[in-house]
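We count residues from 1, following the sequence as given. Hydrogens, waters and symmetry mates are skipped; everything else that's a heavy atom, side chains included, is used.
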Amino acid sequence: MLDEYPTFDFDEVDYITSDTHFSHARISELAARPFGSVAEMDAELIRRWNDTVAPADVVLHLGDVVLGSIADSLPLTAQLNGRKFLVPGNHDRVSPATQSRRAIARFTPLYEQAGWIILPEIILPEIIEGTRRGARLLASHYPYSGDTQDSDRHSSHRPVDRGIPLLHGHTHDRENGPVGHQFHVGVDAFGYAPIPFTLIDAWVDDLRREEEEIASIVRERTAMGGSTPLSELAEKLGIDLGALDDAAGRANRTREI
């Protein structure tokens with residue numbers, strides 16, 4: 001069921017990213033980035049962004065845009081191509097997880113002047129949901145689980161894990177994009193540039209195929225006389241059999257047409 005969180009139209013997005021950390025003096029040390037200075041990092045982030053994103057493209061940024069002097073760092077991001085949507089992260093000065101309402105009101109105009117459209121439009125939570133090609137998605141700075149520290153911070157601002165595919169940042173993981181049903185989109189995992197949303201589309205398609213295969217196995221086992229009700233097995237596996245049946249029905253009707 002939609003509308004648990006503020007809604008967003010993922011169909012309009014061309015690229016997604018997070019955790020650029022413009023002007024962060026220690027991020028190259030903390031996240032093992034290959035830059036010799038902050039100035040070099042900022043220039044390279046801008047170059048790689050603009051080599052990837054065209055002026056008319058839509059980019060969804062999942063937080064931690066800058067971490068330095070706001071007066072110096074935010075204006076840099078005005079150079080970035082595209083229409084830029086921001087779901088705030090814990091280091092953004094417009095984050096309800098870390099900032100007061102007074103601070104958010106003070107800094108919001110500065111982000112807007114640099115071309116950022118801040119999401120969601122209400123204060124809490126810092127999570128958006130919607131559909132992409134008919135598939136439900138969530139997006140948040142935070143993963144369901146995982147952090148750069150030993151314990152998961154900002155737990156009250158994280159989405160509830162109900163098995164819905166989640167796009168996130170925050171972890172600065174250099175190796176992983178998709179893990180289970182959450183996908184880390186941060187620049188540290190993708191060559192310090194936004195990634196095309198078509199990559200997310202392929203991941204969601206793979207998740208769908210896996211769920212359909214599992215659902216088929218569950219149905220076959222139940223038909224053979226297993227004692228566990230089908231609905232209970234599906235719930236344990238996090239599968240919405242009704243949604244899968246509806247999707248299969250639509251696909252069959254399309255083939256018939």
Side-chain angles (χ1 to χ4, degrees), residues 8 13 15-128 139-142 147-149 153-154 157 168-172 185-188 190-194:
F8 178 76
V13 179
Y15 293 90
I16 187 167
T17 192
S18 75
D19 297 276
T20 41
H21 281 244
F22 281 96
S23 300
H24 184 181
R26 294 190 61 215
I27 192 61
S28 286
E29 172 191 347
L30 296 172
R33 292 186 179 182
F35 306 112
S37 68
V38 170
E40 178 189 348
M41 179 184 73
D42 287 349
E44 192 65 11
L45 287 172
I46 292 170
R47 185 189 70 79
R48 295 189 189 198
W49 180 299
N50 288 340
D51 283 350
T52 303
V53 178
D57 288 335
V58 174
V59 183
L60 180 61
H61 193 300
L62 299 186
D64 288 4
V65 175
V66 303
L67 187 58
S69 166
I70 291 296
D72 297 328
S73 57
L74 263 180
L76 288 175
T77 68
Q79 302 176 46
L80 301 173
N81 284 344
R83 188 178 183 214
K84 308 185 293 284
F85 289 94
L86 172 64
V87 177
N90 54 297
H91 289 301
D92 292 309
R93 301 294 184 89
V94 289
S95 166
T98 59
Q99 303 292 318
S100 68
R101 288 175 180 264
R102 182 177 179 180
I104 292 170
R106 174 188 173 192
F107 288 109
T108 292
L110 300 181
Y111 279 81
E112 292 174 342
Q113 288 168 20
W116 295 97
I117 302 168
I118 300 170
L119 299 171
E121 294 181 358
I122 61 174
I123 293 297
L124 289 172
E126 296 168 284
I127 303 160
I128 56 174
S140 167
H141 178 67
Y142 308 102
D147 209 300
T148 56
Q149 301 183 13
R153 297 166 293 164
H154 311 297
H157 291 256
H168 72 90
H170 187 62
T171 65
H172 291 275
V185 302
V187 295
D188 295 285
F190 293 101
Y192 308 102

Open item on the list: I'd like to check I128 versus V87 (side-chain heavy atoms, cut-off strictly below 4.5 Å). Are they in contact?
Closed with: yes
Open item on the list: Counting only heavy atoms from other residues, nucleotides and ligands, does the tally under 6.0 Å from CZ of R106 exceed 12?
Closed with: no
Task: W49 (side chain) donor-acceptor with P194 (main chain) under 3.5 angstrom - done: no
TODO: Please answer whether the main-chain N or O of A54 pairs with a side-chain N or O of N81 as donor and acceptor at a distance below 3.5 Å.
DONE: no
Open item on the list: On a heavy-atom basis, which atom in P109 and which in A105 lie closest, and how many Å separate them?
Closed with: CD-O, 3.3 Å
Task: Exam field: side chain T77 to backbone L74, donor-acceptor pair closer than 3.5 Å - done: yes
- [ ] Please name the pair of heavy atoms, one in S140 and one in E126, separated by the smallest distance, quoted to 0.1 Å.
- [x] OG-O, 3.6 Å
TODO: Indicate the atoms forming the closest heavy-atom contact of S18 with G186, along with that distance.
DONE: OG-CA, 3.2 Å
Open item on the list: Could you tell me if the side chain of L62 sits less than 4.5 Å from the side chain of H170, heavy atoms only?
Closed with: no
Open item on the list: Can you confirm whether L80 sits close enough to W116 that some side-chain heavy atom of one is under 4.5 Å from a side-chain heavy atom of the other?
Closed with: yes
Task: Minimum-distance pair of heavy atoms, taken over all atoms of R93 and F107 - done: NH1-CZ, 3.3 Å
TODO: Could you check H91 against D19 for side-chain contact (heavy atoms from CB on, under 4.5 Å), going step by step and ending with a plain yes or no?
DONE: CA-CA 9 Å; H91 289 301; D19 297 276; over 6 Å; no
Open item on the list: Please enumerate all residues that pass ring-ring contact (aromatic ring centres under 6.0 Å, His included) together with F190, with sequence neighbours excluded.
Closed with: none
- [ ] Give the minimum heavy-atom separation between I104 and T108, together with the two atoms involved.
- [x] O-OG1, 2.6 Å
Open item on the list: Does any part of the side chain of M41, heavy atoms only, come nearer than 4.5 Å to the side chain of Y192, both counted from C-beta?
Closed with: no
Open item on the list: Can you tell me how far apart NE2 (H61) and CG (L119) are? Round to the nearest 0.5 Å.
Closed with: 12.5 Å
Open item on the list: For a quick test of reading the model, state the closest non-hydrogen atom pair linking S95 to P88 and the distance between them.
Closed with: CA-CB, 4.0 Å
Open item on the list: Has Y15 got a side-chain atom pairing as donor or acceptor with A193's backbone, closer than 3.5 angstrom?
Closed with: no
TODO: Return each pair, listed once, that meets side chain to side chain donor-acceptor pair (under 3.5 Å) where at least one residue sits in residues 22-41; pairs must be two or more places apart or across chains.
DONE: H21-H24, S23-D42, R26-E29, R33-D188
Task: D92 side chain vs D64 backbone, donor-acceptor pair below 3.5 Å - done: yes
Open item on the list: Keeping T20 on the side-chain end and V65 on the backbone end, is there a donor-acceptor pair under 3.5 Å?
Closed with: yes
Open item on the list: So if I apply the side-chain contact (heavy atoms from CB on, under 4.5 Å) rule between N50 and each of T52, I46, V53, which one comes out positive?
Closed with: I46
TODO: Determine yes or no for a side-chain-to-main-chain donor-acceptor pair under 3.5 angstrom, with D57 supplying the side chain and G82 the backbone.
DONE: no
Task: side-chain contact (heavy atoms from CB on, under 4.5 Å) assessment of L60 paired with F8 - done: CA-CA 11 Å; L60 180 61; F8 178 76; 4.3 Å; yes
